[in-house]
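All remarks here apply to the structure that follows.
Every chain is numbered from 1 and lettered A, B, ... according to where its sequence line falls, protein lines coming before strand lines.
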Amino acid sequence: MAYNFKEVEKKWQKYWDDKESFKAITGDKKEPYYVLVEFPYPSGSGLHVGHVRSYTAQDAIARMKRMQGYNVLYPMGWDAFGSPAEQYAIKNHIHPKDAVKENIKTFKGQMKNLGFSFDWSREFSTTDPEYYKWTQWQFLQFYKHGMAYKDTIPVNWCPTCKSVLSNEDAAGGVCERCGAKVVQKEKSQWMLRMSNYAEDLLKGLDDTNFADKVKLGQINWIGKSTGVELDVQIVGGGSFSIFTTCIETVYGITFFVIAADGKLVKELMPRIQNKDEVNKYIEETAQKTNMDRTDLNKGKTGCEVKGIKAINPVNGKEVPIFLGDFVLGDYGTGAVMAVPSHDQRDFEYAKAHNLEMLQVIDGADTSNCAFEKTDYLGKGCKLINSEEFTGLTVEEAKKSITKKLVDKGIAREVNNYKMRDWIFSRQRFWGEPIPMIYCEKCGWQPMKEEDLPLLLPDVAEYEPTENGESPLANITDWVNTTCPCCHGPAKRETDTMPNWAGSSWYFLRFMDAHNDKEFASMDAMKYWNKVDWYNGGMEHTARHLLYARFWVQFLYNIGLVPNKEMIWTRVSHGMVLGSNNEKMSKSKGNVINPDDVVNEFGADTLRIYEMFMGDYQQDAPWSTDSLKGCSRFIDKIIRLKDKISDGEGYSKNLEALIHKTIKKVQNDLTTMAYNTAVSALMILVNTFDEQENITKDDYHVLLTLLNPIAPHITEELNEQIGFKPLCESSWPTYDESKTIDSEIELPIQVNGKLRKTIMISANADEETIKNAVHNEISSLLDGKTIVKEIYVKNKIYNIVVK
RNA sequence: GCGGAUGUGGCGGAACUGGCAGACGCGCUGGUCUUAGGAACCAGUGCCAACGGCGUGCAGGUUCGAUUCCUGUCAUCCGCACCA
């Protein structure tokens, strides 16, 4: 029995639009609740079934919370800056803003067809000048507080395309577009001092309710390690520092390794005897990505820096210095001490280059592999070959060696963080222009705030320049301007901001989306307080989410937002894979277009299916067969309407199940167990179906519980039986006492193996149960001795026999 | 390399703090109704040499009892700083 879902869905979508059913009112007396999904990048390929999964999940929460009496903010917008739009524009000679406008229209239409309860009155795009004005304004605040600076750093460069490449586009050291070999090129870039916030970003996690794996992801990305920075003298003058977390092995140093891309090797160059060899190695290193370089199996390359020796500060021993590509110029000090007996990477390097090794911690043989800290820490291992520290445990030695070196003034206890400053420049057209002006006389000057927004110019070509500058550099009447300071001739910064800029604060803008005086008013932000529930992909844990937290913490520190953390709960969804269990992609031909599914089966079917397909946080493959099961589920509910007969309240025999189901669905929706929520409703439907008759109230509670997931058909059926619209109704309540069964099926085990089950009364005493159990399984106990009996109330009865 | 996650029937997946493994759905088998079935309904469906035994990647361990806890091991997927 097919129903006309197209008509029904359109009808209710129109109703919600007309009534503004989902408009959130800032300042409303009801308790605020802010539900957020990551706003999409409106790509040319349209909404993905993966979007549908997370938007439906959050929609279900938003709809339930509204019925529970909250003032729910569930907004949607567009993260529309970025290189795909720019690439598309280069190819087709249209302005990216036109392509973006088209794409947004498509996305929005698709979302409307799916019935998401977004508050469309707060919609904006990061590419709107009214929005990016404030992104630029906030950049100026970073600059004015000393948080933005220019630095020269290496970028991936394709000499053929004359373009800066992302690591993704430069994967394998080859340009994705033209296949040319990618090289590293020095470029001056705007940076944000994010590393200043490393400790705060770590501590701030305590004030959030992020999922553990999200917290862990951030903690690892920040990568705090506590250790010692040690000064090392060079024979014949000069010095450098190394960072180590294993100072206890300092007597085992047999050589040092310095980064090929670091500053030290350049300083030493005049004194190096084998310049040719060293330069050649530096060049080779420049062509490798960090990942290639730190890979253990590839980490043995390098060469000695001849003519220069370093002095081990603890014992005055002269040891050689090597170049190695596993040492990164931009992590730590760009130099490491090498203790081959106690670090596997050093060990392999030493073997490959035939270098000396010296064991300084006792407890394992180090002739075939290193005895590393993971194996010796906390095991009471003692030092050997370490002068006055010989005989101390590793833990004691760590402290006393550090103390000695610190007292001597040649070492410092420091925290080191893997997280680096944020490279904020992009040599692209389609991003927020960085509102900075360069004057020969006055240097870098910020634009005046009242001159914002600095608009992207309208031009026809978006090709980058010969030397890899943003296409903006070609637009001379835009570039040439006057210095805000001396009013002389000056040039604009032609780099733009990264895509992450606009998405770092959009959730604040949703709180006060059309404010033209401030990025958002303090009152509005205080009212909404925090994003209560933020959903996004796990892949954004280390990037977007961390950038956003950094941005907010900075705004908090300068008094512009009410909380240091503006996001309370962060959860992540799994991907929707193709039916072949692989990531959906055009090339694999396994892409499912949500429009097709909505056309053939309706939005409600798609929504139920995507909630039912599996654990929300886990990837799940698409199955059109399973989708049909959800279509049948709806048909079954429609047929149930014919069973409605007179009668008030819940049917007596259904009451317990109904109360249990309310509890189950409510709990499941708040713990993202959407699949079992649907399953519980299927069980309820199956049970209703077994009845001769059901009451209107039985049916109504079913429709209410399913409404957050399948809003259209439930509204329609609900109207047909004469109730007011569900979007204006309340969530049902359950009575805990009615969810408890009076009779329980008790499993009986003998020696841990299930033998029988018996029905018992939930409040029966143990003696009664024991008798019943023995009575039931007496034949199985014949000739056996009972060793032990275990009864777990209302759970299990286990008898151990010999 | 670093970091994260996952492994349960033919398939997607359930199983609360250790307590009936396989809920729910798909698929499949047989039947009813029907001009018809990509509709609905009824019965069945983990595996095997089936009154019993075996089963949650693999090998051990703890326990009266392990998908769940511990040790080791194998495999797969994802992220890694200019893709969003």
On the side chain of A:Gln749, is there an atom forming a donor-acceptor pair with the base of B:rC20 - under 3.5 Å, no angle test? no
Do A:Lys636 and B:rC41 have a side chain to base donor-acceptor pair shorter than 3.5 Å? no
Can you see if the side chain of A:Lys583 gets near the phosphate of B:rG79 - specifically, an N or O under 4.0 Å from OP1 or OP2?
yes
Does a nitrogen or oxygen in the side chain of A:Asn167 sit under 4.0 Å from OP1 or OP2 of B:rC80? no
Judged by whether its glycosidic angle lies within 90° of 0, B:rA50 is syn
> Do the charged groups of A:Lys660 and A:Asp741 touch, with an N to O distance under 4.0 Å?
Replying inline: yes
Comparing nearest nucleotides in RNA chain B, the 5'-proximal residue of the pair A:Met613, A:Ser425 is A:Met613
- Message: Using a distance-only criterion (donor-acceptor N/O pair, under 3.5 Å, no hydrogens), is the base of B:rC64 paired with the side chain of A:Asn798?
- Response: yes
Taking for A:Asn499 and for A:Lys213 the nucleotide of RNA chain B with the nearest heavy atom, the one nearer the 5' end belongs to A:Lys213
With hydrogens left out and only the distance checked, is there a donor-acceptor pair under 3.5 Å joining A:Gln189's side chain and the base of B:rC82?
yes
Classified by glycosidic angle (syn within 90° of 0, else anti), B:rG25 comes out anti
Applying the Watson-Crick and G-U criteria (both distances under 3.5 angstrom) with [ ] for crossing and | for other-strand pairs, one obtains for RNA chain B (((((((..(((......[....)))((((((.......))))))(((...)))..(((((..]....))))))))))))....
